[in-house]
Amino acid sequence: MTAQVMPTVRVQADDFDAAAEAALLTQGRTDIGAVVTFTGLCRDEGGRLAALELEHYPGMAEEEISRVAAQACARWPLQGVTAIHRFGKIAPGAQIVLVVTASSHRVAAFEAATFLMDYLKTRAPFWKKEHHKNGTSGEWVAATEADDVAAGRWGT
Amino acid sequence: MTAQVMPTVRVQADDFDAAAEAALLTQGRTDIGAVVTFTGLCRDEGGRLAALELEHYPGMAEEEISRVAAQACARWPLQGVTAIHRFGKIAPGAQIVLVVTASSHRVAAFEAATFLMDYLKTRAPFWKKEHHKNGTSGEWVAATEADDVAAGRWGT
Amino acid sequence: MKAIYFAWVRERIGKTEEDISPPAQVRTAGELIAWLSAQGEEYAYAFENPSVIRVALDRAHVKHDAPLGEAREAAFFPPMTGG
Amino acid sequence: MKAIYFAWVRERIGKTEEDISPPAQVRTAGELIAWLSAQGEEYAYAFENPSVIRVALDRAHVKHDAPLGEAREAAFFPPMTGG
């Protein structure tokens, strides 16, 4: 079963429809017991931000996310995986990243989705720059140690 | 912030719309960074099952889920929680349970959703009976030790 | 007090609920299970393995050694399998 | 080989990409960073703290002691902040 899973990975400027992506994994099937959907949104950081600008490394971004998705499929009994990451300018409240995992069992779906997000944070070549409401284009968001710790706990 | 969160808890025969429930938590807000949606589906167990019948303890089911949701809000910095559990006859492929958590941070959203599902499994008064494709109404699904272990890890 | 039964406990007893009047010396949830077990074959069958039976008093889970107190509703059921 | 820069590394150097021809004695990713640092003020600024610079050779992450081998594309960037 694991070998048949083909992760869907997309890196795009356009928005995505989380529900439609989840439906693609489950429709017509009766062997899936659990679907976990993670959606990452742009925060305005207490009203400070006008937008986030996401720079990415074209080509490598897709490859790296696909690599992480393949690792998840090898590690958990998944029946479907979708990962979509946007780039470009993203307004507060808008969607940045989507991960959907489908499995017979809830623990596998939860763990795989958590793993995918931890790894996307630390391995996928994206960088966020803040654009402030006062018109200045601000700092590059610094990587956090917490994200490294989160990724480190999977021990790969 | 935590004190302001009013969990949405429903126990119903009708199906639910996961995307609409998630949208209710996030719409018009720019302080949410992560939304985790868990959907539990009815499996046909290799083609064996015609349906699952979910019996519940009316009143206590809502109270117990509300109690668990309040615990999640006390433990993690959440900006929204929704938990919906269906009862009655549910066909393979159909939805049984929904948990949605919204937070500024992804780890809180993931952990709270995992916690909620672990606790729903072991504390919410629902019981599943199998209906077989051959027309017989089969066994009550047995509780699994794995579910107790999963709930036990939260140490409450 | 009102007794309510769920899942296979309900099926074995053959009732959804009933009014019961246990004697005063029945003071805990576990003692109530033992007393019910003696009320007939169907009760003995439902409660043949008391350790798996879960009890809720007035809609809150309790352990078998919990006192009945002023509870007006006692529910008996197998381990939950929701979610 | 082609060098590609991202985020503040790109901004400090002032270029998105360029062709570079490091001498033969530059054999690892870390040595390539050191060599680039000496190519001008803007490079010295971009690579002033080499330990935070991440390197990908032909689109795969490598450590600083990784040999350049036959890589045709070397990318330099700060720690990722996607997701």
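By convention in this document, chain letters (A, B, ...) are assigned in the order of the sequence lines, proteins followed by strands, and residues within each chain are numbered from 1.
Among the residues in residues 54-62 of chain A, those with a non-hydrogen atom closer than 4.5 angstrom to a non-hydrogen atom of chain D are A:Glu55, A:His56, A:Tyr57, A:Pro58, A:Gly59, A:Met60.
A distance-only check finds a donor-acceptor pair linking the side chain of D:His61 to the backbone of A:Arg123 [under 3.5 Å]. For D:Thr81 (side chain) and A:Ala142 (main-chain N/O), no donor-acceptor pair under 3.5 Å exists by modelled atom type.
Heavy atoms only, all atoms of each residue included: D:Pro78 and A:Trp127 are closest at O-NE1, 2.8 Å.
Using a 4.5 Å heavy-atom cutoff, the side chains of D:Phe6 and A:Pro125 are not in contact.
Side chains of D:Glu11 and A:Trp140: a donor on one and an acceptor on the other come within 3.5 Å.
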Q: Please assess A:Glu64 against D:Met80 for the test side chain to side chain contact (heavy atoms under 4.5 Å, CB included), listing each intermediate value before the final yes or no.
A: CA-CA 12 Å; A:Glu64 199 63 39; D:Met80 288 73 76; over 6 Å; no
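Within 6.0 Å of CZ on D:Arg27 lie no more than 12 heavy atoms contributed by other residues, nucleotides or ligands. Enclosure of atom OH in D:Tyr45 is not indicated, since only 12 or fewer non-hydrogen atoms of other residues, nucleotides or ligands lie within 6.0 angstrom.
Counting heavy-atom pairs under 4.5 Å between each of A:Thr144, A:Asp147, A:Val97 and chain D puts A:Val97 at the top.
Of the two parts of A:Arg86, neither the backbone nor the side chain holds a non-hydrogen atom closer than 4.5 Å to a non-hydrogen atom of chain D. For chain D, the nearby part of A:Lys129 is the side chain; its heavy atoms alone come within less than 4.5 Å.
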